[in-house]
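What follows is one structure encoded as structure tokens, with my remarks underneath.
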Amino acid sequence: MLTLKLLRESPDFVIRRLAVKNFDAKAIVENVIALDDKRKALQTESDALLAQQKKAAAAIGQLMKEGKKAEAEAAKAEVATIKARSSELLKEADATVEELQKQLVLLPNLPCEIVPEGKGAEDNLVVKMGGPEVNLPEGALPHWDLAKKYDIIDFDLGVKITGAGFPVYKGKGARLQRALINFFLDRNTAAGYREVEPPVMVNAASGFGTGQLPDKEGQMYFAPLDGFYMVPTAEVPVTNIFRDVILGADDFPQKLTAYTPCFRREAGSYGKDVRGLNRLHQFDKVEIVRIEKPENSYAALDEMIAHVEGLVNALGLKYRILRLCGGDMSFTSAITYDFELWSAAQGRWLEISSVSNFESYQANRLKCRYKDENGKTQLVHTLNGSSLALPRVVAALLEDNQKDGYIEIPGVLRPYTGFDRID
């Protein structure tokens with residue numbers, strides 16, 4: 001959430017920067033400032049009435065001592081009138097503050113200055129490409145056909161049990177899932193991230209804290225009886241560990257990693273992009289989260305990008321890194337880098353990680369702060385990244401490593417899988 005201070009001091013800057021995200025903020029910014037002006041006016045009137053009430057209340061005692069009963073009764077009536085008006089002002093002020101907050105959360109995060117302008121994925125900037133070229137054998141198959149051929153993922157069985165987008169992993173397919181999760185977690189903890197195992201259901205306060213609410217209700221699965229949301233990413237519960245926390249100046253960096261299943265309704269998805277593992281309602285993902293001092297957050301972002309790149313290189317897959325344009329960024333992000341793997345069998349790029357710096361946007365919603373060296377309370381910066389999301393990693397691994405009659409397992413995974421091929 002953007003701060004009221006920023007909107008009041010630099011409204012034109014906010015409007016201009018949010019235009020990079022193709023968001024017209026003018027009316028909301030003006031409304032927020034007007035509501036804040038109203039809140040201040042109500043507070044001024046309330047303070048004046050309180051002073052008047054204290055003066056009148058003090059006079060009542062003196063008038064009673066002097067035997068001026070009629071004048072004392074008039075003063076009591078004045079106090080009652082003031083109290084009634086004060087009560088009205090309090091209700092109006094509360095309603096104004098509530099409306100102001102509702103307006104504030106409608107504003108997305110400001111994009112960083114180096115975020116390119118653009119309306120969608122076609123305007124994202126490729127900043128790096130790497131990994132080996134993929135040479136497929138004749139008659140190469142997409143992963144959904146490979147999964148059926150080797151009986152490692154059953155999409156039809158998932159439809160029977162639950163519905164489309166809930167695959168069943170079988171045999172070596174299930175082992176490969178577990179191997180990837182453990183490999184990613186081991187690499188993350190070796191890089192200094194502390195492993196946590198958070199809940200996979202969160203309350204509304206947690207959803208609000210990281211910006212999923214009120215922006216993405218329609219994309220999350222909801223249990224109305226309990227008011228819990230299934231997590232769309234481990235970012236939500238892990239980052240909320242720091243909700244309402246004040247860190248010390250020496251408590252940085254905070255580096256956490258977690259594996260969770262993730263649940264997304266993916267409302268509106270259709271067509272070829274939903275084939276096989278390309279787009280699921282339930283999938284496994286390992287996440288990294290960092291809490292940093294503002295002056296260190298962009299160096300931390302670079303470290304996270306390098307770490308994710310190391311994971312992809314270790315798997316021996318062809319990849320590219322994109323800096324997302326304003327129109328393709330999330331509501332909460334200040335800057336995002338996407339990692340994509342090349343699927344030669346499908347002839348397309350598959351997104352497998354987003355690494356983002358949210359600067360102080362999430363922290364302001366979370367009320368996550370720290371005391372600096374001077375004892376002053378400041379907002380932290382929050383960052384997170386997928387390291388990695390499994391479905392499309394598995395898709396690329398199966399497709400790009402298919403040989404004549406088997407699928408080869410990358411060397412780094414063999415200690416985890418216990419086998420070197422799927423046949």
Side-chain angles (χ1 to χ4, degrees), residues 1-2 14-25 28 105-130 210-220 232-233 235-236 262 264-274 278-280 283 285 287-288 297-298 301-302 304-305 308-309 312 318-343 346-359 361-362 381-389 391-393 395-396:
M1 184 169 64
L2 301 180
V14 170
I15 293 168
R16 186 172 66 254
R17 290 309 301 157
L18 287 181
V20 175
K21 281 191 168 183
N22 303 308
F23 188 92
D24 186 356
I28 297 176
V105 300
L106 295 177
L107 292 170
N109 197 4
L110 302 184
C112 171
E113 291 289 346
I114 65 171
V115 169
E117 294 185 5
K119 296 189 179 298
E122 65 280 0
D123 298 315
N124 293 335
L125 179 66
V126 178
V127 296
K128 188 173 183 180
M129 297 186 70
T210 44
Q212 277 68 35
L213 299 175
D215 181 48
K216 295 184 177 67
E217 297 99 324
Q219 294 294 345
M220 292 196 290
T233 165
E235 167 203 344
V236 181
C262 302
R264 299 182 187 179
R265 293 186 61 243
E266 298 289 5
S269 298
Y270 63 92
K272 66 178 182 179
D273 289 353
V274 304
N278 287 345
R279 194 171 297 275
L280 301 177
F283 60 96
K285 182 156 70 78
E287 196 81 359
I288 50 176
S297 71
Y298 276 88
L301 179 66
D302 290 341
M304 293 170 74
I305 293 168
V308 173
E309 185 177 9
V312 177
K318 182 179 178 180
Y319 66 93
R320 68 179 184 180
I321 306 174
L322 309 174
R323 185 187 303 149
L324 298 193
C325 71
D328 202 31
M329 287 171 60
S330 75
F331 188 85
T332 52
S333 175
I335 187 168
T336 295
Y337 289 86
D338 271 6
F339 282 74
E340 296 181 336
L341 298 180
W342 176 246
S343 165
Q346 297 182 63
R348 58 191 295 261
W349 291 97
L350 306 174
E351 180 198 333
I352 48 92
S353 176
S354 290
V355 183
S356 301
N357 189 344
F358 304 97
E359 297 187 356
Y361 188 87
Q362 286 183 333
H381 279 193
T382 63
L383 305 93
N384 82 274
S386 311
S387 65
L388 296 163
R392 294 170 188 166
V393 171

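Atoms considered below: every heavy atom in the structure, side chains included; atoms not considered: hydrogens, waters and symmetry mates. Just so it is clear, the structure is predicted and the values come from calculations on it, not from any experiment. Quick note: residue numbers are just sequence positions, from 1.
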*If you measure from OH on Tyr337 to CG on Leu324, what distance do you get to the nearest 0.5 Å?*
9.5 Å

*Enter the distance from Glu351:CD to Leu322:CG here, rounded to the nearest 0.5 Å.*
8.5 Å

*Does Glu287 have any salt bridge (Lys or Arg N to Asp or Glu O under 4.0 Å) partners at least two apart in sequence or in another chain, and if so, which?*
Lys285

*Taking all atoms of both residues into account, what is the closest heavy-atom pair of Tyr298 and Asn357, and its distance?*
CE1-ND2, 3.3 Å

_Heavy-atom side-chain proximity of Arg320 to Trp342 below 4.5 angstrom_ = no

*Minimum heavy-atom distance Phe23-Leu106, with the two atoms named*: CZ-O, 3.4 Å

_Can you tell me how far apart CZ (Phe358) and CG (Leu301) are? Round to the nearest 0.5 Å._
10.0 Å

*With rounding to the nearest 0.5 Å, note down the distance linking CG in Leu350 to CZ in Arg279.*
10.5 Å

*Mind checking whether Pro214 and Val105 have side chains closer than 4.5 Å, heavy atoms only?*
yes

_Test item: Leu341 and Trp349 side chains (from C-beta on) under 4.5 Å apart, heavy atoms_ = no

*Are the side chains of Leu2 and Asn109 in touch, meaning some heavy atoms are under 4.5 Å apart?*
yes

*Search all heavy atoms of Thr332 against all heavy atoms of Gly211 and return the closest pair with its distance.*
CG2-CA, 3.6 Å

*Between CD1 of Ile335 and OG of Ser356, what distance do you get to the nearest 0.5 Å?*
9.0 Å

*Can you find a pair of side-chain heavy atoms, one from Val312 and one from Leu388, that are under 4.5 Å apart?*
yes

_Around atom CD of Glu117, are there more than 12 heavy atoms from other residues, nucleotides or ligands closer than 6.0 Å?_
no

_Close side-chain approach of Pro108 and Leu18, heavy atoms under 4.5 Å_ = yes

_Once rounded to the nearest 0.5 Å, what's the spacing between atom NZ of Lys318 and atom CE of Met129?_
5.0 Å

_Looking at every non-hydrogen atom in both residues, tell me the closest pair between Val115 and Gly326 and how far apart they are._
CG1-N, 3.5 Å

*Decide side chain to side chain contact (heavy atoms under 4.5 Å, CB included) for Tyr361 and Leu110; before the verdict, give the C-alpha distance in whole Å, the side-chain angles of both, and the deciding distance to 0.1 Å.*
CA-CA 9 Å; Tyr361 188 87; Leu110 302 184; over 6 Å; no

_Over all atoms of both residues, closest heavy-atom pair of Pro116 and Arg323_ = CD-CD, 3.8 Å

*For residues Leu383 and Ser297, report the shortest heavy-atom separation together with the two atoms involved.*
CD2-O, 3.3 Å

*Check against side chain to side chain contact (heavy atoms under 4.5 Å, CB included), Lys21 and Phe331*: CA-CA 9 Å; Lys21 281 191 168 183; Phe331 188 85; 5.8 Å; no

_If the condition is side-chain hydrogen bond (donor to acceptor under 3.5 Å, both in side chains), which residues does Arg17 pass it with, not counting sequence neighbours?_
none

*Side-chain contact, heavy-atom cut-off 4.5 Å: Glu235 with Thr382?*
no

*Okay, side chain of Ser353, backbone of Ser386: is any donor-acceptor separation there less than 3.5 Å?*
yes

*Taking the side chain from Asn124 and the backbone from Cys325, do they hold a donor-acceptor pair closer than 3.5 Å?*
yes

*So do the side chains of Thr233 and Arg264 get within less than 4.5 Å of each other, counting heavy atoms only?*
yes

*asked:* Whether the side chain of Gln219 engages the backbone of Glu266 through a donor-acceptor N/O pair (distance < 3.5 Å, no angle test) should be reported.
replied: yes

*Do Ser343 side-chain atoms and Gln346 backbone N/O form a donor-acceptor pair below 3.5 Å?*
yes

